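What you see is a predicted model; the values in this text were computed from it and never measured. So you know, we letter chains A, B, ... as the sequences are listed, proteins then strands, and number each from 1.
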2 protein chains.
Amino acid sequence: MATGRQHRPATRSRGIPEATVARLPLYLRALTALSERSVPTVSSEELASAAGVNSAKLRKDFSYLGSYGTRGVGYDVEYLVYQISRELGLTQDWPVVIVGIGNLGAALANYGGFASRGFRVAALIDADPAMTGKQVAGIAVQHVDDLETIIHTGGVSIGVITTPGGAAQQVCERLVAAGVTSILNFAPTVLTVPEGVDVRKVDLSIELQILAFHEQRKAAEEMGGQVGREPGDGEQAVMPA
Amino acid sequence: MATGRQHRPATRSRGIPEATVARLPLYLRALTALSERSVPTVSSEELASAAGVNSAKLRKDFSYLGSYGTRGVGYDVEYLVYQISRELGLTQDWPVVIVGIGNLGAALANYGGFASRGFRVAALIDADPAMTGKQVAGIAVQHVDDLETIIHTGGVSIGVITTPGGAAQQVCERLVAAGVTSILNFAPTVLTVPEGVDVRKVDLSIELQILAFHEQRKAAEEMGGQVGREPGDGEQAVMPA
DNA sequence: TAGATTGTTAATCGATTAACAATC
DNA sequence: TAGATTGTTAATCGATTAACAATC
């Protein structure tokens with residue numbers, strides 16, 4: 001079985017680079033904030049600053065979508081919100097199921113940012129019979145036995161996996177078999193999926209480890225750059241017990 | 001104020017590319033699983049498969065760390081676990097504070113993967129006085145008023161922000177002022193930090209939007225590639241109300 | 001017109017990958 | 001030795017960025 005599109009290199013969809021796609025939500029968030037403040041137009045410089053990127057990159061990104069700006073003026077905020085929303089597919093409704101209603105699943109179910117941007121929690125699913133029927137974020141938890149029915153009747157194509165690592169692959173396979181083609185995986189597991197299924201992974205532990213790497217380097221710089229170095233000639237490499 | 005090292009391009013730390021650093025935790029996880037099964041050695045092909053990358057990339061990645069393999073044989077699992085752990089700075093203990101003990105903060109506090117890999121939850125901090133003293137994951141929640149004291153006495157350099165978006169920047173500033181130099185941000189906010197502070201962001205909403213983009217494309221492909229396209233000559237561009 | 005700002009070009013940089021010589 | 005597999009090279013590809021012509 002192939003590993004699908006998991007962390008694949010830029011498949012240029014309609015010519016839009018993957019790196020650009022990943023930044024569109026950042027721009028959209030910044031634009032939404034401007035829209036709420038009724039700001040009519042914004043320059044690439046201002047918007048880039050709000051989104052935390054540089055302006056050349058932003059203009060390049062927007063150039064893949066089309067020419068939505070006005071030279072000498074900037075971008076119309078409302079128009080750009082609409083164009084990016086459409087490009088991201090947020091002008092339609094995406095029913096989402098969350099599988100695994102522990103603390104994390106409950107946190108996601110309660111997350112307000114969900115509903116605001118085209119996503120709708122269609123169902124909460126858990127394997128624990130004691131959870132069945134319990135209300136979380138105003139939605140009754142359903143048993144995993146009904147997973148296939150829920151996916152089919154709800155027309156769900158996006159699944160969020162917040163189960164323990166050991167259950168993730170099996171849940172993934174059932175979701176995919178039932179018709180889900182996009183998966184957001186919070187379990188610390190590499191999921192194997194068929195071709196055509198997208199998997200994105202969110203992994204707390206990995207993020208912390210990347211931070212630790214840089215943290216260690218900062219400490220090493222202060223000390224004179226010796227920490228974390230490989231022992232050289234005549235030095236003893238200390239092995240774990 | 002500068003935007004620090006947030007999402008910065010590969011600052012090659014001791015010559016290790018950022019993309020490689022981001023994959024080291026994946027290799028480490030796969031190696032740990034092999035170690036638990038008492039597998040003595042592994043080839044680049046096998047390990048790459050377990051980590052979900054290709055073997056050329058894995059060998060290239062490892063070449064930045066040193067020559068830890070044996071031609072014709074493969075890699076010693078235990079030795080490689082140790083080398084990668086050391087490189088990532090996981091041979092030392094990292095006290096971490098979590099600020100914002102809602103569902104998400106509680107989920108992270110309860111997350112087992114924390115402790116297992118050099119990270120230790122040093123404190124849980126919340127702004128709600130009603131939370132103060134409550135036990136979460138066996139740790140008493142402390143009030144945000146004591147944030148600075150907690151950071152100082154605990155020698156904390158890594159902070160996790162799981163507050164609502166509105167509070168994130170302020171919490172970030174207090175963490176940084178107290179000495180935290182690495183931040184993992186779960187709030188849907190672009191944090192502004194001084195030079196030398198690392199920020200990594202985990203954003204559910206952004207991940208879902210990226211999935212929606214690809215999901216829309218898949219639907220468009222089935223329909224003949226017309227969805228999400230810009231209206232051409234003679235077609236009406238529909239604007240939002 | 002003068003000033004401002006976009007959209008695009010071209011250079012640069014970093015990441016990926018196949019291929020294979022080195023070597024266990 | 002023969003077979004296996006690493007470590008490295010070099011080609012390719014994608015992403016970033018500065019600079020500026022186009023143009024509002």
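For the residue pair B/Asp61 / B/Thr20, a side-chain donor-acceptor distance below 3.5 Å is found, with atom types taken as modelled. Between B/Glu173 and B/Gln169, the side chains place a donor N or O and an acceptor N or O closer than 3.5 Å (distance only, hydrogens not considered). For the residue pair A/Thr32 / A/Glu36, no side-chain donor-acceptor distance below 3.5 Å is found, with atom types taken as modelled.
Taking A/Phe62 as the reference, A/Tyr27, A/Tyr75 meet the ring pair (Phe, Tyr, Trp, His ring centres under 6.0 Å) condition, with sequence neighbours excluded.
When the P atom of D/dT17 is taken as reference, atom CG of A/Asp61 falls 11 Å away, rounded to whole Å. Distance CG (A/Leu24) to P (D/dA15): 13 Å, rounded to an integer number of Å. C/dT6 atom C1' lies 14 Å from atom CG of A/Leu65, rounded to whole Å. Atom CG of A/Leu58 is separated from atom C1' of D/dA15 by 15 Å (rounded to the nearest Å). Rounded to an integer number of Å, the gap from NZ of A/Lys57 to P of D/dG14 is 18 Å. C/dT6 atom P lies 11 Å from atom CG of A/Leu80, rounded to whole Å. One interatomic measurement links the two molecules: CG of A/Asp76 to P of C/dT6, which rounds to 13 Å at whole-angstrom precision. Taking atom OH on A/Tyr64 and atom C1' on C/dT6, their separation rounds to 16 Å, with Å as the unit.
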Taking only N/O atoms, report every protein-nucleotides 9-12 of chain D pair under 3.5 Å with atom names and distance.
none

Are there any protein N/O atoms within less than 3.5 Å of an N/O atom in nucleotides 1-3 of chain D, and if so, which ones and at what distance?
none

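Under the salt bridge (Lys or Arg N to Asp or Glu O under 4.0 Å) criterion, the residue pairs touching residues 203-214 of chain A are A/Asp203-B/Arg29, A/Glu207-B/Arg200, with sequence neighbours excluded. Listed by first and then second residue, the salt bridge (Lys or Arg N to Asp or Glu O under 4.0 Å) pairs involving residues 176-185 of chain B amount to none (not counting sequence neighbours).
Checking A/Arg59 against B/Arg59, the closest nucleotide of DNA chain D that is more toward the 5' end is the one next to B/Arg59.
Taking OG1 of A/Thr91 as the reference point, atom CD of B/Gln216 lies at 6.5 Å (rounded to 0.5 Å).
Residue contacts for B/Phe62: at a heavy-atom cut-off of 4.0 Å it reaches no nucleic acid atom on any strand shown.
Counting heavy atoms from C-beta outward, A/Phe186 and A/Leu108 have side chains that approach closer than 4.5 Å. Between A/Arg86 and A/Gln83 there is a side-chain heavy-atom pair separated by less than 4.5 Å. Residues A/Ile16 and B/Arg217 have side chains not in contact (no heavy-atom distance under 4.5 Å, counting atoms from C-beta outward).
When distances run from any side-chain atom of A/Tyr75 to the nucleotides C/dA15, C/dT17, C/dT6, the shortest one goes to C/dT6. The side chain of B/Ala56 lies closest to C/dA18 when the candidates are D/dA18, C/dA18, C/dT6. Distances from the side chain of B/Thr70 to the nucleotides C/dC24, C/dA18, D/dT6 place C/dC24 closest. You'll find that the side chain of B/Ala19 is closest to C/dT16, out of C/dT16, C/dT17, D/dT16.
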Quiz item: Could you go step by step and tell me if B/Ser205 and B/Gln209 meet the side chain to side chain donor-acceptor pair (under 3.5 Å) rule?
Solution: CA-CA 6 Å; B/Ser205 176; B/Gln209 289 177 44; 3.0 Å; yes
Self-check item: Secondary-structure string, 5' to 3', Watson-Crick or G-U under 3.5 Å, | for another-strand partners, for DNA chain D
Solution: ..||||||||||||||||||||||
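Within the 4.0 Å cut-off from OP1 or OP2 of D/dT6, at least one side-chain nitrogen or oxygen of B/Ser44 is found.
Screening A/Ile84, A/Asp76, A/Val77 against A/Leu80 for a side chain to side chain contact (heavy atoms under 4.5 Å, CB included) leaves a single residue, A/Ile84.
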